[in-house]
Each structure stands twice: as C-alpha cells, then as structure tokens.
2 protein chains.
Amino acid sequence: MEPPASPRRVTIVDVARHAQVSTTAVSKVLRNAYGASPEMRAKVRRAIDELGYRPLAAARGMRGRTYTIGVMLPDIRNPFFPEILDGITGCLEDTDYQVLLGPGCNGEKEELRVTEAMIDRGMDGLVLVAPVSSRDRLDHVASVLPTVVVGRHGHSPVYDTVVADDVAGAALVVEHLAGLGHRRIAHVEHHETDPTRTAEMPNAQRADGYRRAMRSLGLDAEIDVVSTTYTQQGGYLGAKELLARALRPTAVFAGADIVAMGVLEAVGEAGLSVPGDLSVVGYDNTTFAALGPISLTSVDQAGREIGRNAARLLLERIADRGKPSVQVKLSPTLVERRTTARPGA
Amino acid sequence: MEPPASPRRVTIVDVARHAQVSTTAVSKVLRNAYGASPEMRAKVRRAIDELGYRPLAAARGMRGRTYTIGVMLPDIRNPFFPEILDGITGCLEDTDYQVLLGPGCNGEKEELRVTEAMIDRGMDGLVLVAPVSSRDRLDHVASVLPTVVVGRHGHSPVYDTVVADDVAGAALVVEHLAGLGHRRIAHVEHHETDPTRTAEMPNAQRADGYRRAMRSLGLDAEIDVVSTTYTQQGGYLGAKELLARALRPTAVFAGADIVAMGVLEAVGEAGLSVPGDLSVVGYDNTTFAALGPISLTSVDQAGREIGRNAARLLLERIADRGKPSVQVKLSPTLVERRTTARPGA
DNA sequence: GTGAAAGCGCTAACAC
DNA sequence: GTGTTAGCGCTTTCAC
C-alpha cells in the first residue's frame with residue numbers, strides 16, 4: 001500500500017496548538033518580529049522543530065513577502081554568468097532569502113515572459129543580468145518590484161545598477177598589447193542595431209574604449225574595427241576578414257572570449273600561429289579561457305564581486321524602496337596567458 | 001513626483017466586475033475549466049485583455065496549482081546541462097507552465113535546501129538533474145511532489161527517470177578507438193566514495209561500460225583505469241600518471257569533456273602531440289568540445305531529447321499522480337573530431 | 001450554465 | 001506581550 005497522498009502539510013495553526021500559543025506568536029517568531037518574549041520564542045522554535053514545520057511561501061506572499069529573489073540570466077551558456085550568480089547566492093545564503101533563476105533568455109520576448117512570470121510569482125526583488133529590454137520596460141519592472149540591473153550602463157532613478165568598467169577594460173587590453181610593441185591592433189566587435197539601447201550595452205562600451213585607448217596612444221591611424229556578433233562564428237568570420245588585409249594586424253582584441261575562440265580557429269586554418277603571427281585577447285575570463293590547450297589572455301570582470309554588490313543593493317532597496325538609486329562601477333583586471341607576446345616573437 | 005507605489009494589482013474581482021460576471025466565471029475561463037459558455041469566455045477574455053490582468057501565482061497556489069515547474073541543475077557551469085534545460089522549456093513553452101531553476105548545487109546540503117525551497121514555493125512538479133542526494137531523500141521529495149529524476153540510474157516506484165545509456169556510450173568510445181587500431185586504451189574515471197549511491201551514478205556506469213567493452217573485444221589485459229575526479233585538475237593528474245607508465249597507453253577515454261581538457265594540457269606539457277602520440281576522447285559533447293582549437297571527439301547524450309522526455313513525463317505525472325513510474329533510456333552517439341586517429345599516425 | 005460563499009496558510013491591525 | 005480576527009487573490013463546493 002502506498003501512503004495515501006501527502007498527509008496534509010503542517011501549518012502555523014498546528015505549531016500554535018502544539019506550543020500552546022497563538023498563531024500571531026508563531027508568525028512573529030518566524031519573522032523575527034518585535035513583540036515575543038524569549039521564553040515564547042523558545043517554545044515556538046521547539047514546536048517548529050518537533051513538527052518539522054516549514055512556512056509555505058505562497059501563503060506568506062499573500063500578505064507579506066515570499067523571501068524569494070528572482071535572477072534573470074540572459075544566457076546560461078555564457079560561463080561568465082555563473083560567477084555573478086555565485087556572488088549573489090553567497091551574499092544571500094545567511095539570510096532567509098532564496099534565489100530562483102529564470103531559464104535562459106535570448107531576446108526581448110523571452111525577457112518579458114520571464115520578468116512577468118517572476119512578478120506574478122511574488123518575487124520580493126529582481127536581479128536582471130545584461131537585459132536587452134527597452135528602458136521603458138526596465139523602468140516599469142522596477143516600479144513594480146525592487147530591481148537591480150547588472151551589466152548595463154545607463155542610470156535610472158528607479159533601479160540600482162552594477163557594471164564593470166568596459167571602457168577601462170578595453171584600455172587594459174590595448175595598453176597591454178601596445179606595451180608588447182604592437183601597433184596594428186584590431187578589434188572584433190558585436191554590432192548592435194538598436195540605436196536607443198546601443199550606448200548602454202557593454203559591447204558598445206568596449207568598442208568605444210578600444211578607440212579611445214588607441215587614440216590616446218597616438219595609434220589613431222591603426223584603428224581597425226570589424227563588426228560581427230559575439231559568437232564563435234562571428235569571431236571566425238571577423239578574423240577571416242582581418243587576415244585577408246594587405247597589411248595584417250599583429251594583434252586582435254576580441255570583444256568576448258567566445259569571439260576569441262572563433263578567431264583562434266580562423267588563425268589555425270590560415271596556417272598561422274598564436275602568438276607568433278598574431279596575438280589574441282578575449283574578454284570575460286571565462287572558464288575556457290583558462291583551459292590548458294587554449295590559455296587565452298582575457299579581461300576579468302570580477303563577476304563574484306558584481307554579484308555580491310547586486311545582492312547587497314537589492315536587500316537595501318527591499319528594506320527601503322524609496323532610497324535614491326545607486327550606481328556601482330567595478331574595475332576589471334587583465335589576466336595574461338599564452339595568446340599574447342611581442343609581435344613576430 | 002514619483003508615482004505613488006504600485007497602484008494595486010488588477011484582480012479577478014476587477015475582471016469579473018468589468019465583464020459583468022462572477023469571479024467563478026473568470027476563474028473557470030482562466031483554467032479552461034468546464035462550465036462556461038462561449039459567449040461568457042469571450043466576454044471574460046476581453047475584460048482580461050482590456051485590464052491587462054494576470055493571475056497571481058501565489059494566490060492560485062493556495063487552492064490549486066502555481067503553474068510552476070522547478071528544475072534543479074547540479075552545476076550551472078557544466079555546459080551539458082543547458083541542453084537539457086532547452087529540451088524542458090521547449091516542451092513546456094506552449095503550456096501555461098513556467099520553469100524556474102534552482103541555483104547551482106554542488107552537494108547534498110545544497111540539494112536539500114533547494115528542493116525544500118521549491119516545495120515550500122508550491123512548485124507543481126520537479127525535475128532533478130543528476131542529484132546526489134540519497135535514495136530516501138529522492139523518494140521523500142517524490143512523495144510530496146510529482147518528480148522526474150534525470151541522469152541517475154536506478155528505479156523507483158514514485159518517480160520517473162530519464163537517462164542516457166552510459167554503458168553504451170562507453171562502448172562507443174572503446175569500439176571507435178579499437179577500430180582505429182588502438183589496444184592500450186586507458187580510462188580516467190571519477191571515483192565515487194559512497195557505495196550505496198555508486199551504481200546509480202553515470203560515472204560508475206561509464207567505467208563499467210569501458211571494462212565490459214574492453215573485455216568483449218578481448219582486451220582484458222589492457223584495462224587501465226585511473227581514479228580521479230571529473231574536473232580539469234583530475235584529468236591533468238590522471239594523464240600525468242598514465243604518461244609515466246613504462247608502456248604508455250595510445251588512447252585515453254576521459255569520463256567527461258572537462259577531464260579531457262586536463263588530459264590535453266598534460267599531454268601538451270609532456271611535449272607529446274594529439275592525436276599523433278595519444279588519442280583523446282571526452283564525454284558529453286559540451287560546447288567547448290566543438291571549439292576550433294580543441295575539436296575533441298566526444299560522446300553526445302542528446303541533452304535536448306533528455307529534457308523533452310523529462311518534461312513530458314512530468315506533465316503526465318502531474319495529470320495522474322498514481323500512474324506507474326516510467327524509465328526512459330536514450331542512446332548516445334559518438335561525435336568524431338580531431339583528437340582521435342590511428343595510433344602513431 | 002451560473003454565482004454565492006467558504007476557505008487555502010499566512011500576516012497585520014487592533015484589542016486586551 | 002499576547003491573542004483575536006479580518007483579509008490577501010484565488011479555486012472550489014454546492015446551491016440555484
């Protein structure tokens with residue numbers, strides 16, 4: 001005989017009866033709220049343990065909070081995002097909050113679905129990582145729920161932001177390469193079509209940072225940008241184009257590690273060697289940049305730190321929805337590996 | 001002036017009033033339940049659109065379902081899991097169900113926390129991917145909530161399972177290598193310490209499949225297994241050990257792609273070439289196996305198909321909790337790339 | 001086919 | 001400091 005379907009969940013009423021107190025008392029203990037004596041707390045705690053009681057988030061959510069934080073990651077496949085997530089969960093693990101993630105979103109439509117789903121499920125707050133939705137949409141979400149936006153430049157009075165300084169990151173790359181003696185340093189960028197959003201996206205900031213850094217080193221004439229997408233395929237095609245130039249670049253700054261993978265493939269096919277014939281730099285310092293056979297020089301964005309900040313700001317905003325919005329900008333660092341060297345080395 | 005905090009959500013009562021019907025009617029339309037005329041449905045639908053109404057999952061959950069499916073992934077960093085997730089969401093996107101993920105779990109304690117959180121949040125069903133919890137715990141979870149376990153061998157009357165045939169996958173690898181002329185084929189395995197769980201885990205099945213395949217090819221004497229962990233570091237150390245043998249193997253079957261990465265690194269350090277001196281095969285056919293500079297021969301588990309099956313079984317179980325449990329076993333395929341060749345080629 | 005009304009488990013006023 | 005009680009937004013009997 002199977003045990004007859006779930007034998008009714010233990011509720012706050014059971015706990016109250018068992019502890020011989022009111023449900024209010026139990027509720028107060030659960031929320032660490034003011035107005036319960038130490039003896040009462042002890043009694044209630046014991047009853048909770050003895051009965052194995054756990055509060056039902058849905059029921060709590062109907063009056064108060066659900067103690068749930070929603071995190072939206074654009075692409076679970078991008079190995080940079082888990083770092084951010086670790087930072088968030090690490091910051092939250094000693095609280096009563098639980099993190100739940102939306103499944104991969106790769107467009108505005110999916111983002112809409114996921115953010116709505118999270119609002120409908122009574123999340124207490126949201127962390128949106130590199131969202132592509134319009135500013136209006138972000139403002140709307142943030143007006144409904146405490147929200148922190150990660151990895152997107154641009155301010156808003158209703159939500160906080162945490163970003164890495166992409167302009168500085170690009171400058172690190174250019175300076176590193178120039179320091180090795182490179183002059184013909186090309187950049188493979190992700191081309192954004194939407195003009196209103198463009199300036200807020202990291203890829204645009206990286207391209208901008210590249211141009212600025214080249215100029216300030218007096219390399220204006222060597223600026224060479226190929227527009228593709230942040231994919232392996234994009235990097236492959238971009239590199240093909242660069243390698244076909246009459247005067248080949250001696251170094252390539254790929255806007256993302258995955259792009260660098262495509263670049264490396266194209267270089268290999270062309271029978272050239274890295275870093276002998278061409279130095280290659282990526283961005284994000286993802287897991288595979290560190291893989292032995294690849295060993296890619298890359299920019300590290302301190303994802304953990306980004307996540308930690310996002311979680312902290314979110315808790316602060318949940319505590320005080322009216323507080324002025326905060327913008328945090330973190331400095332990236334360069335991780336030198338085996339894909340960069342002196343030109344012709 | 002800021003707009004005064006959220007101007008109260010539209011509820012079922014508002015919709016009922018606007019459509020001039022009862023709340024019962026609205027509820028029926030929402031759930032596509034029996035007992036509402038076509039005209040009534042139309043009226044209600046229109047009111048819902050006009051008011052921009054969306055049901056609150058928490059409130060629905062108090063009486064009925066939350067229309068939320070929880071998915072637990074052990075490690076978001078493993079690029080194999082997104083495939084499964086895609087299969088799940090793909091199967092569910094035309095339903096009213098929404099998928100939410102637990103954040104990365106890397107141990108029994110975290111799994112406990114996440115599964116409890118999901119139960120407490122009123123999930124309608126759970127998909128547990130490669131859980132490490134005890135059988136008792138899995139049985140308990142499944143007794144509370146419709147559950148499908150993915151990537152773990154072993155049956156249960158209370159939950160359904162979906163697995164790839166790891167024994168067959170290992171055989172594919174051995175046969176491929178033997179077909180190329182290899183005889184000294186070594187295996188780098190992940191060593192499981194818990195004896196009760198061991199047989200259910202994919203790593204054990206792969207090692208077992210390796211041994212069986214070697215034997216059935218008459219290569220009993222060449223069986224050579226190194227025990228480490230499914231990490232890059234594990235692969236690196238395992239390969240070091242293998243390369244130090246008096247009679248080196250000519251091929252290595254790494255139990256996971258990430259292990260193969262470590263093997264490749266060790267081989268490179270030893271000044272040997274792949275596949276010239278050593279053929280290497282991975283498992284999972286992850287994103288980086290396909291990366292140009294790596295191009296790793298690997299076993300593909302058809303993650304999408306696994307996910308699709310899991311979602312289908314879960315929906316069936318939600319519809320009928322009493323139905324007998326089902327075990328689905330899918331056949332993997334081998335993807336040949338550039339890390340395998342004839343010995344000494 | 002339709003609607004009134006009773007709860008689901010919890011929190012928050014408000015009495016005591 | 002403690003308990004009583006009225007809902008939160010929805011689903012679900014059960015009358016009509």
Side-chain angles (χ1 to χ4, degrees), chain A residues 5-45 47-48 51-68 96 116 119-124 144 318, chain B residues 5-44 47-48 51-68 96 119-124 144 318:
Chain A
S6 32
R8 207 178 61 74
R9 217 183 141 100
V10 178
T11 76
I12 204 177
V13 178
D14 301 316
V15 176
R17 194 165 22 224
H18 190 84
Q20 317 228 59
V21 298
S22 72
T23 57
T24 310
V26 180
S27 177
K28 280 180 174 168
V29 173
L30 286 177
R31 292 173 290 120
N32 291 309
Y34 172 83
S37 63
E39 309 87 72
M40 167 142 286
R41 286 186 191 284
K43 251 200 309 192
V44 171
R45 289 252 157 69
I48 287 176
L51 298 178
Y53 166 80
R54 288 200 326 263
L56 194 65
R60 307 184 85 171
M62 300 228 41
R63 300 291 299 197
R65 31 185 68 166
T66 57
Y67 297 91
T68 312
D96 286 333
E116 285 196 337
I119 294 170
D120 297 344
R121 277 153 189 79
M123 302 284 172
D124 293 336
V144 178
I318 288 173
Chain B
S6 34
R8 210 178 58 73
R9 222 182 136 98
V10 178
T11 77
I12 204 177
V13 179
D14 301 316
V15 175
R17 193 165 23 226
H18 190 86
Q20 317 228 56
V21 298
S22 72
T23 58
T24 310
V26 178
S27 176
K28 280 180 175 168
V29 173
L30 286 177
R31 291 172 294 119
N32 291 310
Y34 172 82
S37 61
E39 309 88 70
M40 166 144 287
R41 287 187 190 285
K43 251 200 307 193
V44 172
I48 287 176
L51 298 178
Y53 166 79
R54 286 196 333 258
L56 195 65
R60 306 184 85 170
M62 298 223 45
R63 300 289 297 193
R65 30 185 71 166
T66 57
Y67 297 92
T68 312
D96 286 332
I119 294 170
D120 297 344
R121 276 152 190 81
M123 303 283 173
D124 293 337
V144 178
I318 288 174

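Computation of the quantities below employed the complete heavy-atom set of this structure, encompassing side-chain atoms and omitting hydrogens, waters and symmetry-equivalent molecules. Below, chains carry the letters A, B, ... as their sequence lines are ordered, and counting in each starts from 1.
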Looking only at heavy atoms, what is the nearest atom pair of B:Asp96 and B:Tyr67, with distance? O-CB, 3.6 Å
Applying salt bridge (Lys or Arg N to Asp or Glu O under 4.0 Å), name anything that partners B:Arg31, two or more places apart in sequence or on another chain. none
So, taking the atom named OG1 in B:Thr11 and the one named CG in B:Leu56, what distance separates them when rounded to the nearest 0.5 Å? 10.0 Å
Look up atom CZ in A:Arg17 and atom OG in A:Ser22, then write down how far apart they are to the nearest 0.5 Å. 13.0 Å
Does a donor on one side chain sit under 3.5 Å from an acceptor on the other, for A:Thr68 and A:Arg121? no
Shoot me the first and last contacting nucleotide of DNA chain D against chain B, ordered 5' to 3', at under 4.0 angstrom to non-hydrogen atoms. D:dG9 to D:dT12
If we fit an axis to the first five pairs and another to the last five of the helix from C:dG1-D:dC16 to C:dC16-D:dG1, what angle do they make, to the nearest 10°? 40°
Pick base, sugar-phosphate or nothing for A:Ala58, based on heavy-atom distances below 4.0 Å to the nucleic acid. nothing
Closest non-hydrogen atoms of A:Arg41 and A:Ala33, given as atom of the first, atom of the second and distance, are NH2-O, 2.7 Å
Would you classify B:Ala33 as touching base, sugar-phosphate or nothing, given that sugar-phosphate means primed atoms plus P, OP1 and OP2, and contacts are heavy atoms under 4.0 Å? nothing
Tell me every residue that passes salt bridge (Lys or Arg N to Asp or Glu O under 4.0 Å) with B:Asp124, counting only those two or more places apart in sequence or in another chain. none
Heavy-atom closest pair, residues B:Pro55 and B:Arg60: CG-NH1, 3.5 Å
Search all heavy atoms of A:Met62 against all heavy atoms of B:Ala59 and return the closest pair with its distance. SD-CA, 3.6 Å
Hey, does the side chain of B:Arg54 reach the backbone of A:Ile119 with a donor-acceptor pair shorter than 3.5 angstrom? no
Look up atom OG1 in B:Thr66 and atom CG in A:Asp120, then write down how far apart they are to the nearest 0.5 Å. 11.5 Å
Nt span of DNA chain C in reach of chain A heavy atoms at under 4.0 Å, 5' end first, is C:dG9 to C:dA13
Report the residue (B:Met62 or B:Ser37) whose heavy-atom-nearest nucleotide on DNA chain C is the more 5′ of the two. B:Ser37
Atom of A:Lys43, atom of A:Ala19 and distance for their closest heavy-atom approach: CD-O, 3.6 Å
Please report the closest heavy-atom contact between B:Val21 and B:Val44, naming both atoms and the distance. CG2-CG2, 4.0 Å
Give the residues of residues 15-29 of chain A touching DNA chain C, defined as any heavy atom closer than 4.0 Å, sorted by residue number. A:Thr24, A:Ser27
